[in-house]
Each structure stands twice: as structure tokens, then as C-alpha cells.
Engineer: 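Please see the structure below; I have some questions.
Throughout, protein chains are lettered first and strands after them, A, B, ... in sequence-line order, and every chain is numbered starting at 1. Computed from heavy atoms alone, side chains included, the values below leave out hydrogens, waters and symmetry copies.
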There are 2 protein chains.
Amino acid sequence: MNNMKETIRSVSVELFFKKGYFATSISDIANGCGIQKASIYHHYASKEELLFSILKGTMDDLTDCLKASLAGSDDVEQQMRAAVRSHVRFHLERQKETFIANSELRGLTSEHHKIIVQKRNEYERIFQNLIHEGSEKGVFSRGDVKILSYAILTLCTAGATWFKPDGRLSIEEIAAIYDGFIISGLKQSV
Amino acid sequence: MNNMKETIRSVSVELFFKKGYFATSISDIANGCGIQKASIYHHYASKEELLFSILKGTMDDLTDCLKASLAGSDDVEQQMRAAVRSHVRFHLERQKETFIANSELRGLTSEHHKIIVQKRNEYERIFQNLIHEGSEKGVFSRGDVKILSYAILTLCTAGATWFKPDGRLSIEEIAAIYDGFIISGLKQSV
DNA sequence: AAAATTCTACCGACCGGACGTTAGGGAAAC
DNA sequence: GTTTCCCTAACGTCCGGTCGGTAGAATTTT
């Protein structure tokens with residue numbers, strides 16, 4: 001694929017992940033692509049738009065993944081397990097993008113910021129609904145839905161901070177650990 | 001206290017929290033202090049040193065807090081509960097500083113970065129030792145110590161991201177929720 | 001106790017450089 | 001022959017940091 005726009009995107013992801021959005025200059029990106037920095041502007045209107053397009057695409061894919069993972073079952077506990085695993089998998093498989101999506105929101109204009117936050121809220125609501133449904137049905141113990149959802153999500157999200165693809169544990173192993181940890185936390189048998 | 005150095009520090013914390021380290025200029029800080037930007041350099045050698053001094057102080061206080069909270073008991077489970085609560089409390093009470101400490105590491109020189117990471121590692125090791133001891137004694141079920149420690153820490157740390165001091169729940173209530181969630185996750189009765 | 005010196009805290013002006021972005025041109029593809 | 005894609009060159013702005021200086025408090029010398 002000789003698609004320069006795609007190259008710019010992936011080089012940006014790499015650099016934003018490694019050095020951060022503000023510390024990455026347009027020259028850095030152009031350099032990584034082997035072109036001049038002015039040429040970037042043929043594909044993206046601004047640095048901020050480049051960031052936004054990365055974040056938007058990532059958030060959309062994330063939500064799609066989650067929805068697909070829920071389709072397999074009607075059981076709340078099974079759905080929660082599937083959701084957690086989907087969440088973990090996505091964040092570790094696409095570690096760099098999700099890391100950026102969670103750390104570089106400040107680089108966005110306020111309109112773009114609003115759009116991303118809204119997408120994130122929709123995503124969170126799916127988890128909150130699962131928690132709510134689970135505690136209604138007595139599968140999970142009752143607790144503060146919002147706090148619990150934040151707990152679950154940030155727990156996995158943070159995985160993107162320290163995960164090393166060639167580390168001791170595979171993505172599936174980590175997903176299983178989190179799955180067990182979270183389900184037992186939700187059941188709160190203690 | 002008419003200490004300008006202290007004022008600069010607290011204004012910086014405020015701005016770094018609100019806008020981020022890179023998006024905050026020395027002029028912004030000086031403005032917030034009611035002085036000229038050149039005067040900042042009378043108190044701090046550079047912008048980076050200002051950031052470093054905030055992070056170092058925060059990390060030292062954090063570790064002190066944790067150690068103090070452990071002194072009260074010999075029981076592993078009670079110590080873990082105390083540790084979690086100390087961790088949560090600190091992160092919510094000093095939300096702005098801890099948020100910065102977890103998001104602005106990239107602003108540091110590599111030597112300063114190394115120092116902060118080392119402090120964080122020492123802090124984490126205390127939790128890892130507790131998990132290890134607990135699973136040795138059969139209080140907790142066996143699991144990957146590192147992953148579990150990351151899970152516990154990032155869970156609470158992330159609280160500093162969304163916590164609103166005047167929100168529905170008090171710090172103690174949130175600490176109690178996390179305490180229960182984590183302990184049951186560690187016991188893994190599921 | 002007065003004079004001389006040093007120190008503290010700050011200011012206004014400025015510098016070099018980096019950065020995001022734009023203008024305009026040229027070659028090649030369609 | 002128009003569109004696509006990338007180039008060279010430059011522009012304006014902002015930022016971290018420096019410099020020389022000043023007013024006054026504190027300290028030392030005489």
C-alpha cells in the first residue's frame with residue numbers, strides 16, 4: 001500500500017505514543033515519512049486534525065469491537081466477561097492508539113474534544129448498563145454503578161501504559177486475569 | 001505565608017493540571033503569580049526543574065503516607081486494606097499533584113525521569129510484597145503479582161482523573177468501594 | 001551610629017530558535 | 001490539460017531563557 005496518508009497516520013501514532021503529541025513536531029512526522037513537512041498539509045489540514053482523526057477512528061473501532069463481543073450471549077455475567085475481554089484485548093492489541101486516546105485529549109480543539117468525550121461516554125454507558133442489569137438480577141452485588149464502571153475501564157485502559165508485547169504474559173492471559181479480578185470484585189463475596 | 005516560591009509552585013500545579021505541562025508557558029505561571037516571567041528564574045532554574053520539584057515532593061509524600069498507614073497492623077489483609085485506602089485518599093486529596101505525577105513524566109529530563117520512576121517502583125514494591133505475602137499465607141489466592149499490583153495501583157490512580165471534590169461521594173466512600181473491590185478480587189473466590 | 005557593602009527579589013527588554021502553517025512552483029499521473 | 005502530490009522557501013508567532021539593572025533590606029565595616 002503506497003498510501004502516504006496512511007503512512008503519515010501510522011508514523012504519527014508511533015511518535016505520539018513515544019514522545020507525546022506536543023513534543024512531536026510536524027517536521028518529526030515528515031521526517032519519519034521521508035517527505036517534507038509542508039507535504040503533510042496536502043493530506044491533513046492541521047496537526048490537530050491529524051490527532052483528531054486518529055482518536056476518532058480508534059474510538060469508533062473500540063465501540064464496534066465491544067458491540068460485536070456482546071452479540072454472542074444473553075447472560076449478563078457472560079456478557080460482562082466478554083466485554084472485559086474485548087476491552088482488554090483492544091487496548092493491548094492497539095496499545096499505541098488507545099494510549100494516545102487516553103492521554104492526548106488536551107491537544108484537541110474544544111469541539112473535537114467534545115466529540116471524543118461523547119464517544120467515550122457512550123462506550124462507558126454500555127458497561128454501566130451491564131453492571132446495572134447484573135445487580136438488578138442479583139448476579140452482581142449492588143454498588144455504585146459509575147464508580148464501578150470507571151474502575152473496570154480504567155483498570156484495563158491502564159494496561160496500555162505498561163504492556164510490553166513481548167513480555168511474560170500474552171494478551172489472552174492478561175485478559176483472563178482481569179476478567180477474574182473484575183467479576184469477583186463485582187460479586188463482592190467478601 | 002508570603003513565600004513567592006510556594007506561590008509559584010501552587011500556581012504551576014493548578015495550571016499543569018488544567019492545561020498540561022507543555023501547554024502552560026512560563027508567562028502563564030508568572031501571570032498567575034502577579035510577577036514577571038523573568039522573576040520565576042530567581043526561584044527555579046528552569047521550567048523542567050519546577051516540574052521535577054513538584055513531582056519529587058509529591059512522590060515522597062505519597063510514600064511517607066503509605067508507610068505510615070502500614071505501621072498500625074501486622075495482619076496482611078488489614079495492611080492491604082490500609083494500603084489501598086491510603087493510596088486512594090492521597091490520590092483524591094491531592095488530586096492535582098498526583099494527576100500531574102502520572103501524566104507529565106515526559107516533561108522531565110532523562111535523569112529526573114529516572115529518579116521519579118525509581119521512586120514509583122519502590123512504592124509499587126510495597127504493594128507487591130503485600131500481595132506476595134498474602135498469597136503465601138493463603139489469605140489471597142495466587143496470581144501474577146506484578147499484574148495484580150498494577151491493577152490495584154492504576155485503579156486508584158485513575159481516580160484522580162475523574163474525581164470531583166464536590167461530587168456525590170466522599171473520599172472515604174470511594175476508598176471503601178475500592179477497598180472491597182480489590183480485596184474480593186485478590187481473594188478470587190469466583 | 002553612620003557608611004559601605006552585599007544580598008534578595010524583582011523587572012523590562014531582548015534573543016535565538018523552533019514551530020505550525022502558507023505560498024507558489026514543478027513534475028508526473030490520469 | 002487538469003488534478004494529484006510533493007517540493008523549496010519563507011513567514012509570523014511564541015516560548016524558554018538571559019542580561020543588565022534597580023530598589024530596598026540586611027549585614028558588615030569603620
Side-chain angles (χ1 to χ4, degrees), chain A residues 1-56 100 103-113 115-116, chain B residues 1-56 100 103-113 115-116:
Chain A
M1 199 186 308
N2 217 355
N3 190 336
M4 182 54 73
K5 186 163 184 173
E6 195 46 49
T7 303
I8 294 172
R9 193 195 123 100
S10 71
V11 167
S12 299
V13 168
E14 214 69 34
L15 291 176
F16 291 168
F17 176 71
K18 188 161 53 172
K19 317 200 310 172
Y21 174 71
F22 287 107
T24 301
S25 69
I26 294 285
S27 312
D28 291 337
I29 298 169
N31 227 10
C33 298
I35 58 174
Q36 293 299 310
K37 65 176 179 173
S39 310
I40 303 270
Y41 290 87
H42 178 70
H43 302 279
Y44 293 95
S46 67
K47 188 186 176 187
E48 190 269 347
E49 202 213 78
L50 175 49
L51 176 64
F52 176 65
S53 95
I54 292 171
L55 298 198
K56 185 177 174 312
I100 297 168
S103 59
E104 302 292 6
L105 282 190
R106 282 207 269 233
L108 297 173
T109 63
S110 62
E111 302 87 53
H112 284 167
H113 183 94
I115 293 174
I116 298 295
Chain B
M1 201 185 307
N2 216 355
N3 190 336
M4 182 55 72
K5 185 163 186 174
E6 194 45 48
T7 303
I8 294 172
R9 194 196 123 100
S10 72
V11 167
S12 300
V13 167
E14 215 69 32
L15 291 176
F16 291 168
F17 177 71
K18 189 160 55 176
K19 317 202 307 173
Y21 174 71
F22 288 108
T24 301
S25 69
I26 293 286
S27 310
D28 291 336
I29 297 169
N31 228 10
C33 298
I35 58 174
Q36 292 298 312
K37 70 172 180 171
S39 311
I40 303 270
Y41 291 88
H42 178 69
H43 301 280
Y44 293 94
S46 68
K47 190 186 177 189
E48 189 268 347
E49 202 213 78
L50 176 50
L51 175 64
F52 176 64
S53 94
I54 292 172
L55 298 198
K56 185 177 175 309
I100 297 168
S103 59
E104 302 292 7
L105 281 192
R106 282 208 268 232
L108 297 173
T109 63
S110 62
E111 301 89 50
H112 284 166
H113 183 93
I115 293 173
I116 299 294

Engineer: Just verifying a value: how many Å separate B:Ile40 CD1 and B:Cys33 SG, rounded to the nearest 0.5 Å?
Structural biologist: 5.0 Å
Engineer: Is the closest side-chain heavy-atom distance between A:Tyr41 and A:Glu49 below 4.5 Å?
Structural biologist: no
Engineer: What is the separation between atom CD1 on A:Ile40 and atom C1' on C:dT22, rounded to the nearest whole Å?
Structural biologist: 15 Å
Engineer: Specify the closest pair of heavy atoms between B:Gly107 and B:Tyr21, including all atoms of both residues, with the distance to one decimal.
Structural biologist: CA-CE2, 3.8 Å
Engineer: In whole angstrom, give the distance that lies between atom OH of A:Tyr41 and atom C1' of C:dG24.
Structural biologist: 17 Å
Engineer: Measure up the A:His112 and A:Phe52 rings against each other and bin them: parallel (under 30°), tilted (30 to 60°), perpendicular (over 60°).
Structural biologist: parallel
Engineer: Just how far, in rounded Å, is P of C:dG20 from CG of A:Leu51?
Structural biologist: 12 Å
Engineer: To the nearest Å, give me how far apart CG (A:Asn3) and C1' (D:dT4) are.
Structural biologist: 13 Å
Engineer: Starting at atom CE of B:Met4, determine the distance to atom C1' of C:dA9, rounded to an integer number of angstrom.
Structural biologist: 9 Å
Engineer: To the closest 0.5 Å, what do you measure between OG1 (B:Thr7) and CD1 (B:Ile29)?
Structural biologist: 12.5 Å
Engineer: Considering non-hydrogen atoms only, spot the tightest contact between B:Ile54 and B:Arg9 and give its length.
Structural biologist: CA-NH1, 3.6 Å
Engineer: Tell me whether the side-chain N/O atoms of A:His43 come closer than 4.0 Å to OP1 or OP2 in D:dT4.
Structural biologist: no
Engineer: Calculate, to the nearest 0.5 Å, the distance between atoms CD1 and NZ belonging to A:Ile26 and A:Lys47 respectively.
Structural biologist: 6.0 Å
Engineer: At their closest point, which heavy atom of A:Lys19 faces which heavy atom of A:Asp28, and how far apart are they?
Structural biologist: NZ-OD2, 3.0 Å
Engineer: To the nearest 0.5 Å, how far apart are CD in A:Gln36 and CG in A:Asn31?
Structural biologist: 8.5 Å
Engineer: Pick out the pairs of N or O atoms, protein on one side and nucleotides 8-11 of chain D on the other, that lie under 3.5 Å.
Structural biologist:
residue: D:dT8; atom: OP2; partner: A:Gln36; partner atom: NE2; Å: 3.4

Engineer: Give the rounded distance in Å between these two atoms: CD of A:Glu49 and P of C:dT22.
Structural biologist: 12 Å
Engineer: Are A:Arg106 and B:Glu104 close enough for a salt bridge, meaning some N to O gap below 4.0 Å?
Structural biologist: yes
Engineer: Where along residues 24-35 of chain B does a heavy atom come under 4.0 Å from DNA chain D, residue by residue in number order?
Structural biologist: B:Thr24, B:Ser25, B:Ile26
Engineer: When you check the phosphate oxygens OP1 and OP2 of C:dC10, does a side-chain N or O of B:His42 lie under 4.0 Å from one of them?
Structural biologist: no
Engineer: Starting from P on D:dC6, measure out to NZ on A:Lys5 and report it in whole angstrom.
Structural biologist: 12 Å
Engineer: Which letters describe nucleotides 25-30 of chain C, given B = protein heavy atom under 4.0 Å from base, S = only from sugar-phosphate, - = neither?
Structural biologist: ------
Engineer: Which whole-number value in Å describes the distance from A:Lys19 NZ to C:dC19 P?
Structural biologist: 8 Å
Engineer: Restricting to non-hydrogen atoms, name the atom on A:Ile100 and the atom on A:Phe17 that form the minimum distance, rounded to 0.1 Å.
Structural biologist: CD1-N, 3.9 Å
